[in-house]
Amino acid sequence: MLRQITLATAVLFAMQSVQAADITVSAAASLKEAFTEIAKLYEKQNPQDKIKLNTAASGVLLQQLAQGAPVDVLATADTATMDKANNQKLIAAHTRKNFARNSLVLVTPKKSTVRVKTLADLRQANVKRIAVGKPESVPAGAYAKAALEKNNLFNQLNNKYIYTQNVRQALDYVFRGEVDAGFVYRTDAQLKQFALNITGEVPTVQPVIYPIATTTRSQYAAEAKRFTDFVLSPAAQSVLQRYGFSKP
C-alpha cells in the first residue's frame, strides 16, 4: 500500500512539473508574422507550453500591461517604451535583452504618379496625405517625427498627416492607395513590396531596436524567461532575419 501511495505521489508530482503554461506574449505589431512562426517553433520544443500572441502598437501594449492585463512577456519596437515599463516596475529588468534591429522607410503606392525620393519631397503640393503612426504610442511614428523635426519638416507637413493606430495601419493605407506616402518599417514594406515603392531608408535619430523582457506580474516567470531566451536563440534569430530584421 505504501509503495502504491509513493508511486501515486511521484506520478502526481511529475504531472505538476510539466503542467501546461499559457504564456501571453505582447509584441509590437511589426513582429506579428515573425513571432507567430517563432511561437510555433517554441511550442514544438516545449509542447507543455502554449503561446498566446497579442500584437499592437508598443504604447498600447504598455498601457494594457499597466492596467493589469495578464501579460507574461513584453516585446516592443523601441527602447523608450521598454524604459517606461521598467520605470513603472512592470518588467523584470534583469531579463531585458535587445533581440532585433529594424529600419524606417518611406513608401508610396506602386501605381502612384507622385515622385518622392527624399523627406523634403513630401512638401510637394501633390503629396496631400502622409500616413504615420501616432508618435505618442507608435514607435514608427515617433521615429518619423524625430527624423522630420531634425530636418525642420515636421511642422511644415502638419496638415498632411493621417495618424494611424499602429505601423501596420499605415502600411495598409499606402497599400490601398488611400495616402500618397507613409512611414513604415522595412520589414513591413517587404511584406507588400509587390504593391509599394520603397523610396529609401529614413535616417532615424535613434536606432530602431527591439527589446524583450518578462513581466513582474507573470504567473509563469520561468516559462516566460524560457521563451525570451528562445527568441535570442539561433533558431529564432534565423526566423527574424528571414523577415528582414537584423541582429541588434
Side-chain angles (χ1 to χ4, degrees), residues 16 18-102 133-143 164-169 185 187-188 208-233 235-237 239-240 243 245 248:
Q16 291 176 337
V18 296
Q19 183 178 3
D22 290 334
I23 306 169
T24 299
V25 177
S26 284
S30 51
L31 292 166
K32 183 177 181 179
E33 289 77 14
F35 263 38
T36 296
E37 190 168 333
I38 288 172
K40 291 178 181 178
L41 289 176
Y42 174 85
E43 290 176 347
K44 188 174 182 179
Q45 293 187 19
N46 302 274
Q48 74 279 9
D49 297 336
K50 297 299 178 184
I51 302 298
K52 294 182 177 180
L53 185 60
N54 170 45
T55 59
S58 297
V60 173
L61 297 177
L62 174 62
Q63 185 177 28
Q64 291 173 350
L65 180 59
Q67 291 177 348
V71 178
D72 302 293
V73 175
L74 177 66
T76 63
D78 64 336
T79 57
T81 301
M82 193 64 80
D83 288 343
K84 292 177 182 178
N86 184 52
N87 292 338
Q88 295 178 49
K89 302 186 184 305
L90 297 173
I91 61 165
H94 69 281
T95 68
R96 177 177 175 172
K97 301 289 183 181
N98 294 334
F99 68 93
R101 181 187 289 262
N102 210 338
K134 292 182 177 179
E136 62 273 17
S137 60
V138 183
Y143 290 127
T164 66
Q165 299 298 319
N166 55 62
V167 70
R168 289 298 175 83
Q169 188 176 37
Y185 296 123
T187 53
D188 297 307
V208 184
I209 298 293
Y210 289 65
I212 191 169
T214 65
T215 67
T216 52
R217 297 173 183 169
S218 174
Q219 296 182 4
Y220 304 106
E223 292 83 358
K225 178 64 164 54
R226 186 161 61 212
F227 179 80
T228 62
D229 289 344
F230 183 76
V231 170
L232 291 160
S233 72
Q237 288 292 304
V239 173
L240 286 164
Y243 280 95
F245 296 92

Just how far is it from atom CD of Gln165 to atom OG of Ser137, taken to the nearest 0.5 Å? 6.5 Å
Give the intermediate values and the outcome of side chain to side chain contact (heavy atoms under 4.5 Å, CB included) for residues Phe99 and Leu31. CA-CA 12 Å; Phe99 68 93; Leu31 292 166; 3.8 Å; yes
Working to the nearest 0.5 angstrom, can you tell me the gap between Asn166 CG and Lys134 NZ? 10.5 Å
Under the salt bridge (Lys or Arg N to Asp or Glu O under 4.0 Å) rule, what do Lys32 and Asp188 come out as? Steps first, then yes or no, please. CA-CA 10 Å; Lys32 183 177 181 179; Asp188 297 307; over 6 Å; no
Please give me the minimum heavy-atom distance between Arg168 and Glu33, naming the atom from each residue. NH2-OE1, 2.6 Å
How far apart are the C-alpha atoms of Tyr210 and Leu240, what are their side-chain angles, what is the distance that settles it, and do they pass the side chain to side chain contact (heavy atoms under 4.5 Å, CB included) test? CA-CA 11 Å; Tyr210 289 65; Leu240 286 164; over 6 Å; no
Could you walk me through whether Leu41 and Val239 satisfy the side chain to side chain contact (heavy atoms under 4.5 Å, CB included) test, starting with their C-alpha distance in whole Å, then the side-chain angles of each, then the deciding distance to 0.1 Å, before giving a yes or no? CA-CA 10 Å; Leu41 289 176; Val239 173; 3.7 Å; yes
Of all the heavy-atom pairs spanning Glu43 and Asp49, show the shortest one and how long it is. CG-O, 3.7 Å
Please tabulate, for the side chains in residues 73-80, all donor-acceptor contacts under 3.5 angstrom to protein atoms that are two or more places apart in sequence or on a different chain.
| residue | atom | partner | partner atom | Å |
| --- | --- | --- | --- | --- |
| Thr76 | OG1 | Asp78 | O | 2.7 |
| Asp78 | OD1 | Thr81 | OG1 | 2.8 |
| Asp78 | OD2 | Thr81 | N | 3.4 |
| Asp78 | OD2 | Thr81 | OG1 | 3.0 |

Between Asn87 (side chain) and Asp83 (backbone), is there a donor-acceptor pair under 3.5 Å? yes
Rounded to the nearest 0.5 Å, how far does OG1 of Thr215 lie from CD1 of Ile91? 9.5 Å
Do the side chain of Tyr185 and the main chain of Ala140 share a donor and acceptor less than 3.5 angstrom apart? yes
Nearest 0.5 Å please: distance from the OG atom of Ser218 over to the CD atom of Glu223. 7.5 Å
How long is the straight-line distance from OG1 of Thr95 back to CD1 of Ile212, given to the nearest 0.5 Å? 8.5 Å
Which atom pair, heavy atoms only, marks the closest approach of Ala213 to Ala92? CB-O, 4.4 Å
Could you walk me through whether Thr228 and Lys97 pass the side chain to side chain contact (heavy atoms under 4.5 Å, CB included) test, one step at a time? CA-CA 8 Å; Thr228 62; Lys97 301 289 183 181; over 6 Å; no
First locate atom NZ of Lys52, then atom CG of Asp22, and finally report the distance between them rounded to the nearest 0.5 Å. 4.5 Å
So that I know where these two stand, are Phe35 and Phe245 an aromatic pair - ring centroids less than 6.0 Å apart? no
Set of side chain to side chain contact (heavy atoms under 4.5 Å, CB included) partners for Gln88, sequence neighbours left out: Leu62, Ala66, Lys84, Leu90
Qualifying side chain to side chain donor-acceptor pair (under 3.5 Å) pairs, either residue in residues 62-71, two or more places apart: Asn54-Gln64
Look at the side chain of Arg217 and the backbone N and O of Leu65, then say whether any donor-acceptor pair between them is shorter than 3.5 Å. yes
Ignoring hydrogens, what is the shortest heavy-atom contact between Ile38 and Val231? Give both atom names and the distance. CG2-CG2, 4.4 Å
Between Leu53 and Ala27 the two heavy atoms that sit nearest each other are CD1-CB, 4.1 Å
